[in-house]
Amino acid sequence: MPYNFNAIDKKWQDFWADHETFKADNQSDKPKYYVLDMFPYPSGAGLHVGHPLGYIASDIYSRYKRNKGFNVLHPMGYDAFGLPAEQYAIQTGQHPAVTTDANITRYKEQMDLMGLSFDWSREVKTCDPSYYKWTQWAFTKMFEHYYDREANQAKPISELEAAFSTQGSSAAALADGTEELSFTADEWKSFDENQRERVLQNYRIAYLDDVPVNWCPALGTVLANDEVKDGLSERGGHPVEQKIMRQWCLRVSSYAQRLLDGLDDLDWSDSLKEMQKNWIGRSEGAQLSFQVKDKDFGFEIFTTRPDTIFGVSFMVLAPESDYVAQVTTTEQKSEVDAYLAATKLRSQKDRQMDVKTVSGAFTGAYCIHPFTGKEIPVWVGDYVLGGYGTGAIMAVPAHDSRDHAFAKYFNLPIIPVVQGEGTDRVQEESYDAKSGKMINSDFLDGKKVKDAIKTMIFKIAEQGIGAKQVNYRLRDAIFSRQRYWGEPFPVYYKDGRPQMLDVSELPLELPDVDKFLPTETGEPPLGRASHWQTKEGLPFELSTMPGFAGSSAYFLRYMDPHNNEALVSKEANEYWKSVDLYVGGTEHATGHLIYSRFWNKFLFDLGYVCEEEPFKKLLNQGMIQGRSNFVYRLKSDRNKYVSAALKGQHDTQELHVDVNIVSNDILDVEAFRAWRPEFKDAEFILEKNSDGKEVYVCGHAVEKMSKSKFNVVNPDLIAEKYGADTLRCYEMFLGPVEQSKPWNTNGIEGVYRFLVKLWNLYHNDDRFEVSEDKATPEELKVLHTVLKKAAQDIESFSFNTTVSAFMIATNDLQKLKCNKREILTPLAIALSPFAPHTAEELWSLLGHQESIAYAQWPEHNETFLVESNFNYPVSFNGKMRFLLELPVDFSKEEIEKAVLAHEDSQKWIEGKSIKKVIIVPKKIVNIVVG
RNA sequence: GCCGCAGUGGUGAAAUUGGUAGACACGCUAGACUUAGGAUCUAGUGCCUUUGGCGUGGGGGUUCAAGUCCCUCCUGCGGCACCA
């Protein structure tokens, strides 16, 4: 029994735990490095082989950095509030805290089995009151601040109040607000507290507002936009409808520009940056007002194409727009009302599903064109959204496809104002491109589109009818959830006015309830905690915070997890600064990664943290999908199952079968009978495989790994069968970390063989045996090649090729029968990030007392890597190439002679030497000199 | 529809970033040792009409040299989606 991985794994996992090997200190002479994984939601299913992909990658990097002499912070914790535990609680009555704790225990066990080098002394749980104290605290700070557009940062709301009492509402000109209000300083002073609060709510960063929300009746709660996919809830896939509700909101939109600008300096993948840019959705254009005919007001529209203003042939209002009621004429009222009623019936999902149907109604009103003075009809149409821009548009059917469809449907004029390739067909198809020259446009005629946009913005401003305007798609975050298992708001109400608890009164702990369902009167579950109120008997807010609340600042808490006086102390924050490497999946691109950047920027504005961006580098690990297996049950005989190749001859029903009783798609029929009572008498129609044996072959498909599909492969089982190091190396060997791929165990033997081979190289029967002889140049070359490759590849997160490099080195050393200490010592250190248990064992067998985790990373030496095929002196400072014509059958000597004779070679080679000679066909030789 | 990414053997994938395509591993074939092999070891393995020719989704281009750069088309994946 040479390579007893189970014993080795256990020995070193215990050793690391006992010695707190990976505990990071907040003070050190070493440079710091902060490696963070996105912390998991501890689900009941436990970890499957897909989860550790990112954990292993970050662990390899952490271990590498420790060996490189860094003080590494590598913590782990749990995003412990969430829907599944609560849904489970509703079904079983089991308190979510109990299930969550049980799941956490299981998660920790599994992570330890993989030898992950976390500093567990810093573990956080978002559901822990000592943790959510600081989530609540940040919320109260957001309530007490507003966004100052001039200073471009959050400022105390008290400053705004002071300004109101001297300047009235004009003080709010540069504050980001929900709606415009008008009052004088004296009026402000005469306001009572309720009136003042109503004003202030428009400016607070955490504020209450009546907003259209995604209401999910099945879950009994509202959901954020990123929690809704295709009109269905992301969790559970329940239908979602639109509803107006009074909710806590966070003014994330104030930070839109900073969230966008901040991306430039981040080392994130282009695709992820692109996703965030899309989500923020900046668009530049102009806002201008169109006067309504025979009325004393006009309405504001937003357009990115002010240049096409001479092509406007109608206006469209969103059905939700307040203007609709104001402008609709008596003759058109019944038609418009009917249309509005019909639109209301269409659910959010319907509107998304069928974007092609054109619908609308004429209001009877007209606008006056600001430049031509012509009358323009005003319509209502549901393709214009209430929540974006001003909820009203100028329609230019010749140059906007949606306007074009509307114009065609209602037979409205299409006036081309841009000439370009294809504009002659503008009656049939709109020309949306921002290129070409202006026509039919008075003073813009002949200008290029881009110039015309500039000119027009200038003109609009000059005439006082509008100005340049930037709009963002990013909306404020709705922060209330009508659920139990989340952070309680540190808020109570006095005469309906929200009041914040002081930090000394935090945390406000989640009260117990008898059931986890809404009350009979439809209040959230917290309404059942009847005695839950302040000392004065005032009621608390009954909603809880959403999932992203607890995950928005956890990376800061790890820096100083036991501090009861602050989220993070100044010293700890200034030492660790921000996350150097953040590893996680793309699924958080528009949720967590936006909210936590916002949250961090807010704390930065208040001076609580020293870095504006929390995550410097981001590595997106791919998803590991499951490979499901199926059996085919006859519809005629529900006890009979037909093999995959023969299923065409029968009418069958496809059933998922546990992949753990299937090997290479061949079903273990006895295990199947034993799997579930309903299958105990199962009969099979078998097929012949290539060996002529009768077997049951299963169907297969790549799907998401999930319990219900029976395709979950547990990392524990793999670790038990092959050892943690094989699991770690194999997950890396599968391919680039960033790539998604289906799990299959087919190649794991190869990786396992590599570790055994390496082990056996330094073992004679059961005895560890190393030679003290000096290594040969050949052996040194093998070693230094792998040292160089490993360092380079780890730095560039190319872990699959690093594993290959170790395999090559092992094979080479085996051929050389090399078991020398001089080789093994550095090799073990370089291998330790990938196979820490094996490396640590070898390290101790080599006689070291201290853990390999802090051994110094061996630097490679280039002199051992010289190409020995050519006997040239070599240097490694860059490379140069030049061309040389040679006779067909040249020798190496001739090459050298020719090189030296070449007229260019003198100045090229001067002071340098030939590094590499590459011979390619067609009598051409490339000489690389350095 | 718009934006981004990718396409290489039977399979997972490499390729010093423009320099001998297919490293490494799985699988497969043959052999050795074995009572046995789902153990271990050795050799072979891109394709073909094999003294040679062809090959990185298709077509074209730049270059002494292209998987890599440019144009174009096809296919797949991801994101956004009536955002004016």
Side-chain angles (χ1 to χ4, degrees), chain A residues 229-230 269-283 285-287 301-306 308 315-316 318 351-352 354-359 381-396 399-403 405-406 432 471-475 586-587 589-590 620 622-623 663-664 690 729-730 733-736 738-754 756-757 760 788-789 792-793 798 800-811 814 879 881-885 916-928:
Chain A
K229 292 260 138 71
D230 300 325
S269 72
D270 290 341
S271 67
L272 206 108
K273 284 189 186 181
E274 203 57 40
M275 271 190 235
Q276 290 218 338
K277 278 181 195 161
N278 263 329
W279 192 259
I280 296 166
R282 181 191 155 99
S283 72
Q287 187 158 324
I301 62 103
F302 173 74
T303 179
T304 54
R305 295 295 301 275
T308 60
M315 312 290 288
V316 188
R351 258 172 99 162
Q352 275 184 0
D354 119 81
V355 293
K356 282 185 190 111
T357 311
V358 177
S359 69
D382 72 355
Y383 80 97
V384 176
L385 304 174
Y388 183 78
T390 61
I393 62 150
M394 62 177 215
V396 186
H399 305 294
D400 182 288
S401 55
R402 296 150 304 178
D403 297 345
F406 197 85
D432 297 15
N471 264 335
Y472 301 92
R473 208 192 68 108
L474 184 71
R475 310 290 161 86
T586 356
E587 66 271 22
T590 53
N620 286 122
M623 276 233 291
S663 161
N664 288 328
S690 51
C729 291
Y730 182 60
F733 185 72
L734 269 176
E738 300 91 331
Q739 213 163 81
S740 289
K741 53 228 155 190
W743 174 261
N744 75 73
T745 326
N746 289 346
I748 199 164
E749 297 280 346
V751 176
Y752 175 69
R753 273 199 279 266
F754 142 66
V756 172
K757 231 182 257 179
N760 288 341
K788 182 180 182 179
K789 181 90 176 140
Q792 269 175 3
D793 286 358
S798 174
N800 54 333
T801 53
T802 324
V803 177
S804 293
F806 282 116
M807 290 182 176
I808 295 167
T810 307
N811 286 342
Q814 194 187 36
K879 70 177 190 182
R881 308 186 312 250
F882 66 99
L883 227 70
L884 207 61
E885 293 286 333
K916 202 173 174 186
V917 179
I918 301 159
I919 304 161
V920 292
K922 295 181 192 167
K923 294 194 279 182
I924 289 153
V925 172
N926 294 290
I927 312 290
V928 182

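FYI, side chains are in, hydrogens and waters are out, and symmetry mates aren't considered; it's all heavy atoms of this structure. So that the names make sense, note that chain A is the first sequence line, chain B the second, and so on, each numbered from 1.
Residue P736(A) has its side chain nearest to A13(B) when only C24(B), A13(B), A84(B) are considered. Comparing G79(B), C82(B), A84(B) by their nearest atom to the side chain of D382(A) picks out C82(B). The side chain of S804(A) has C24(B) as its nearest neighbour among C24(B), A84(B), A15(B). Checking G79(B), A13(B), A84(B) against every side-chain atom of N278(A), the shortest atom distance belongs to G79(B). Looking at the side chain of E274(A), the nearest of the listed nucleotides G78(B), G4(B), C82(B) is G4(B). You'll find that the side chain of N811(A) is closest to A25(B), out of A25(B), A14(B), G79(B). For W279(A), the listed nucleotide lying nearest its side chain is C80(B); candidates were C80(B), A23(B), A84(B).
The nearest whole Å value for the distance from the CG atom in D270(A) to the P atom in C77(B) is 22 Å. As a whole-Å value, the separation of Q814(A) CD from U40(B) P is 12 Å. Distance, K273(A) NZ to C3(B) P: 20 Å, rounded to whole Å. Atom C1' of nucleotide U16(B) and atom CD of Q792(A) are separated by 8 Å, given to the nearest angstrom. In this structure, the NZ atom of K789(A) is 8 Å from the P atom of U16(B), given to the nearest Å. Across the protein-nucleic acid pair, F806(A) atom CZ and C24(B) atom P stand 17 Å apart, rounded to whole Å. Atom-to-atom, OH of Y752(A) to C1' of A25(B) comes out at 17 Å; the value is rounded to the nearest Å. With rounding to whole Å, I280(A) atom CD1 is found 17 Å from G4(B) atom P.
Using cut-offs of 30° and 60° on the angle between ring planes, the pair F406(A) and Y383(A) is tilted.
Using the Watson-Crick or G-U wobble rule with both distances under 3.5 Å, C2(B) pairs with G79(B). In this entry A43(B) has U29(B) as its Watson-Crick or G-U wobble partner, both defining distances falling under 3.5 Å. U49(B) is unpaired under the Watson-Crick or G-U wobble criterion, no partner having all donor-acceptor distances under 3.5 Å. Nucleotide U34(B) is matched to nothing when pairs are restricted to Watson-Crick or G-U wobble geometry with both distances under 3.5 angstrom. Within the shown strands, nothing qualifies as a pairing partner of U62(B) under the Watson-Crick or G-U definition with both distances less than 3.5 Å. In this entry G22(B) has no Watson-Crick or G-U wobble partner, no candidate having both defining distances under 3.5 Å.
Among the protein residues, R475(A) comes within range of the nucleic acid bases, having at least one heavy atom under 4.0 Å from a base atom. Residue-level contact check: I393(A) touches the bases, meaning some heavy atom is under 4.0 Å from a base atom. No contact: E738(A) has no heavy atom under 4.0 Å from any strand. Within 4.0 Å (heavy atoms only), N800(A) reaches sugar-phosphate atoms of the nucleic acid but no base atom.
In this structure, N746(A) does not reach the G27(B) phosphate: none of its side-chain N or O atoms is under 4.0 Å from OP1 or OP2. Regarding contacts with the backbone of C77(B), every side-chain N or O of S740(A) stays at 4.0 angstrom or more from both OP1 and OP2. Phosphate contact (OP1/OP2 of A81(B), side-chain N/O of R473(A), threshold under 4.0 Å): present. R753(A) has a side-chain polar atom (N or O) that falls below the 4.0 Å cut-off from OP1 or OP2 of C26(B). For C80(B), neither phosphate oxygen OP1 nor OP2 lies less than 4.0 angstrom from any side-chain nitrogen or oxygen of Q276(A). Of the side-chain N and O atoms in Y388(A), one or more sit less than 4.0 angstrom from OP1 or OP2 of A84(B).
Syn is the conformation of G9(B), whose glycosidic angle sits no further than 90° from 0. Nucleotide U17(B) is shown with a syn base, its glycosidic torsion being within 90° of 0.
Rounded to the nearest 0.5 Å, atoms CD (E738(A)) and CG (L272(A)) are 12.0 Å apart. Atom OG1 of residue T810(A) and atom CG of residue N760(A) lie 11.5 Å apart, to the nearest 0.5 angstrom. For the atom pair Y730(A) OH and F754(A) CZ, the distance stands at 15.0 Å (nearest 0.5 Å).
Distance check on atom C1': A65(B) versus A15(B) gives 16 Å, rounded to whole Å. Rounded to whole Å, the C1' atom of U8(B) lies 8 Å from the corresponding atom of G22(B). Separation of the C1' atoms belonging to G67(B) and G7(B) is 11 Å when rounded to the nearest angstrom. For the P atoms, the distance from U63(B) to U68(B) is 16 Å, rounded to whole Å. To the nearest whole angstrom, the two C1' atoms, one in A13(B) and one in G27(B), are 14 Å apart. For the C1' atom pair drawn from G10(B) and G44(B), the interatomic distance equals 16 Å after rounding to whole Å. If you take atom P in U29(B) and the same atom in G38(B), they sit 11 Å apart, rounded to whole Å. Nucleotides C71(B) and A84(B) are separated by 33 Å at their C1' atoms, to the nearest Å.
For the pair D793(A) and G750(A), both in contact range of RNA chain B, the more 5′-proximal nearest nucleotide belongs to D793(A). Residues M394(A) and M807(A) both approach RNA chain B. Their nearest nucleotides, taken by heavy-atom distance, put M807(A) toward the 5′ side.
The main-chain N or O of Y388(A) is never found under 3.5 Å from a side-chain atom of N471(A) such that the two would form a donor-acceptor pair. Without hydrogens or angle criteria, D403(A) side chain to V396(A) main chain gives a donor-acceptor distance under 3.5 Å. Remark: the backbone N or O of D793(A) is not paired with any side-chain donor or acceptor of S798(A) at under 3.5 angstrom.
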Steps toward side chain to side chain contact (heavy atoms under 4.5 Å, CB included) verdict (F806(A), C729(A)): CA-CA 10 Å; F806(A) 282 116; C729(A) 291; over 6 Å; no
Pair I748(A)-F733(A), side chain to side chain contact (heavy atoms under 4.5 Å, CB included): steps then yes or no: CA-CA 9 Å; I748(A) 199 164; F733(A) 185 72; over 6 Å; no
